[in-house]
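Structure, as structure tokens:
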Amino acid sequence: MVEPLLELKNIHAGYGEFRVLHGIDMVVNPGEIVAVIGPNGAGKTTLLKTIMGLTTLYDGRVLFNKHDLTKTSPDRRVKAGLVLIPEGRGLFPNLTVKENLLLGAYTISSRSEVEERLKTVYELFPRLKERENQRAGSLSGGEAQMLAIARGLMSSPKLLMLDEPSLGLAPKIVAEVFEVVKKLRVERNITILLVEQHVKESLELADRAYVIQGGKIIASGKSEELRNLEELRRIYLAV
Amino acid sequence: MFEPTAFDLSAIGTGVVNGLVLGSLYALASLGLALIFGVLDIINFAHGDILMISSYIVYLVALSTGNPWIALLSSLALFALFGAGVYRGIIHYVLGKEPLIQIAITVGLGLILQNLALALFRAEPRALPSTLFPYPLSIGPLTLSANRVFVALVSIILCILVHYYSTRTKLGLASRAVAENREAAWLMGINVPLIYMATFTIGVLLTTTAAFLWMQIGPVDPYLGTIFGLLCWIIVALGGLGGVAGIIASGFIIGVLDSLGSIFLTPSGKYIPMYIAFILTIWFKPRGLFGRR
Ligand SMILES: Nc1ncnc2c1ncn2[C@@H]1O[C@H](COP(=O)(O)OP(=O)(O)O)[C@@H](O)[C@H]1O
Ligand SMILES: [Mg+2]
């Protein structure tokens, strides 16, 4: 059996007094794409933020790459190899495309290494190179999401987490985003934890998935098993 | 305040030149406030009083050692500790809290500093007995005191350095990122509290430097902070947030209005043109004359 890359043990977390997650256990193995699906307000975003250390943790442990990060500050979690591309992308709209990318490499001190990464990322997304001196706020929705992904790659994360990357995008662009995620795994062997509302597409992309509702995991397993799950149909027929 | 002039320049000409000198110093004094407001999103109502207390420290050390440079260095060292300490001890706990709490805590700090000065030094103004460069300097048709030229040059150079810091350095870029989106900045691996502390301390040190320069051209009394605090606010509001150039330009405007006002109006009446300029700007351009946000 392989050693898991990320392991969550009995996570209870929320915002101040407001408890959202009630005992989450989860494992992500190296090289996997794991999807987290569930209705609005289920706590998916809270879960990803908790992995980054941006919420109040009442109980439980976050283990990553053989280290206990439970009490580690968010900036050190990035240094450890965790990257979250947040819901709504979290770009710096008044900074240029290039400045956004450089901030993605903030934890890397070697200048030549940063230049190297910048080159690689521009090869992957040539549109960003064309727009490197434009304000990030001036990009279209699809370009902005590509910038968010590119920025996430700048620190060469071991685990890349994406929170609803397709939110607010046209169907054609959504397909492009899923293509990119697939490519990241195939070409770069990056482990991915993906939160999505597009259930069908994410189950096609992911190896395994967790279904979360009301701050608890109500189902989990291989994607093809979950696809036929009656419960999932019931939740999502309403969506 | 008239300066010796080679040709008998008109009062207005002299007033404008003095106003530009004053304006560059005002710009420098305002930068710390703008920096802290931009990154920490907190209005530091103790800003003027920090400048006032710094001025006393410069005055006291310069007087007792006879060396103004020792006064500068020791006040910078002291206020580096003061800035970091005030951030960690107070500001850190009120960031993101309701504005009323932030106002109360920084107004309170300002009052403590002001009353400390009143208790220790009484109300009478104090000025350094000698200035750094007490001789006239001829630049073309103008003759200025070398001292004022020095004050203006150092102020402008420091403003440009701050611009360079904010746009060209990694720490500056990180602090702009924190200013725009605190949570996303965390996600980049930026140590956000450290950026807050560094920015607050840099802001205080700029203010301390402005205090040192002020002591080369003017006196300090316990109410200096009230006046400076207000002027700095007007300059930040006029200049709009996000640009050093805007701060310098509005510093010049306020400096010239101040200088001309003290020629043609009574000491308290000289603030009237500034207030009018301020109110008109806020009325017609609420984002400031050069504001971007
Ligand atoms: N910053 C916050 N402060 C307080 N409550 C929040 C915050 N963000 C989200 N919540 C609450 O936490 C619950 C879960 O939200 P979230 O994790 O965003 O769900 P999802 O991403 O699955 O839609 C919701 O009830 C939401 O209102
Ligand atoms: Mg969400």
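Just so it is clear: chains get the letters A, B, ... in the order the sequence lines come, proteins before strands, and each one is counted from 1. Please read these numbers as outputs of a predicted model, since none were measured by experiment.
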* Would you indicate whether B:L280, at its atom CG, is surrounded by more than 12 heavy atoms from other residues, nucleotides or ligands within a distance under 6.0 Å? => yes

* Count the heavy atoms of every other residue, nucleotide or ligand shown that sit under 6.0 Å from NZ of A:K79, and state whether that count exceeds 12. => yes

* Asked: Counting heavy atoms not belonging to A:H22, are there more than 12 under 6.0 Å from its NE2?
  -> yes

* Asked: Which atom names give the shortest non-hydrogen contact between B:G189 and A:Y106, and what distance separates them?
  -> O-CD2, 3.6 Å

* **Side-chain touch B:L187/A:L54, heavy atoms, less than 4.5 angstrom** => yes

* Asked: So do A:M154 and B:M188 actually touch side chain to side chain, heavy atoms under 4.5 Å?
  -> no

* Asked: Going from OG1 on B:T167 to CD on A:E99, what distance comes out if it is rounded to the nearest 0.5 angstrom?
  -> 8.5 Å

* Asked: Is any side-chain heavy atom of B:I190 closer than 4.5 Å to a side-chain heavy atom of A:L103?
  -> yes

* Close side-chain approach of A:D75 to B:V192, heavy-atom, < 4.5 Å -> no

* What are the two closest heavy atoms between B:A184 and A:G90, and how far apart are they? -> CB-O, 3.2 Å

* Given the options A:N100, A:L91, A:L102, A:L84, which has more heavy-atom pairs under 4.5 Å with chain B than any of the others? -> A:L84

* To do: For the residue pair B:E180 and A:P93, establish whether any side-chain heavy-atom pair is separated by less than 4.5 Å.
  => yes

* Answer yes or no: does atom OH of B:Y164 have more than 12 heavy-atom neighbours from other residues, nucleotides or ligands under 6.0 Å? => no

* **A:L95 CG to B:L173 CG distance, which is reported to the nearest 0.5 Å** => 6.0 Å

* Asked: If you draw a 6.0 Å radius around NZ in A:K119, do more than 12 non-hydrogen atoms from other residues or ligands fall strictly inside?
  -> no

* Asked: Looking at A:R76, A:R151, A:R89, which one has more heavy-atom pairs under 4.5 Å with chain B than the rest?
  -> A:R151

* **Heavy-atom pair with the smallest gap, counting every atom of B:W186 and A:S73** => CZ3-CB, 4.5 Å

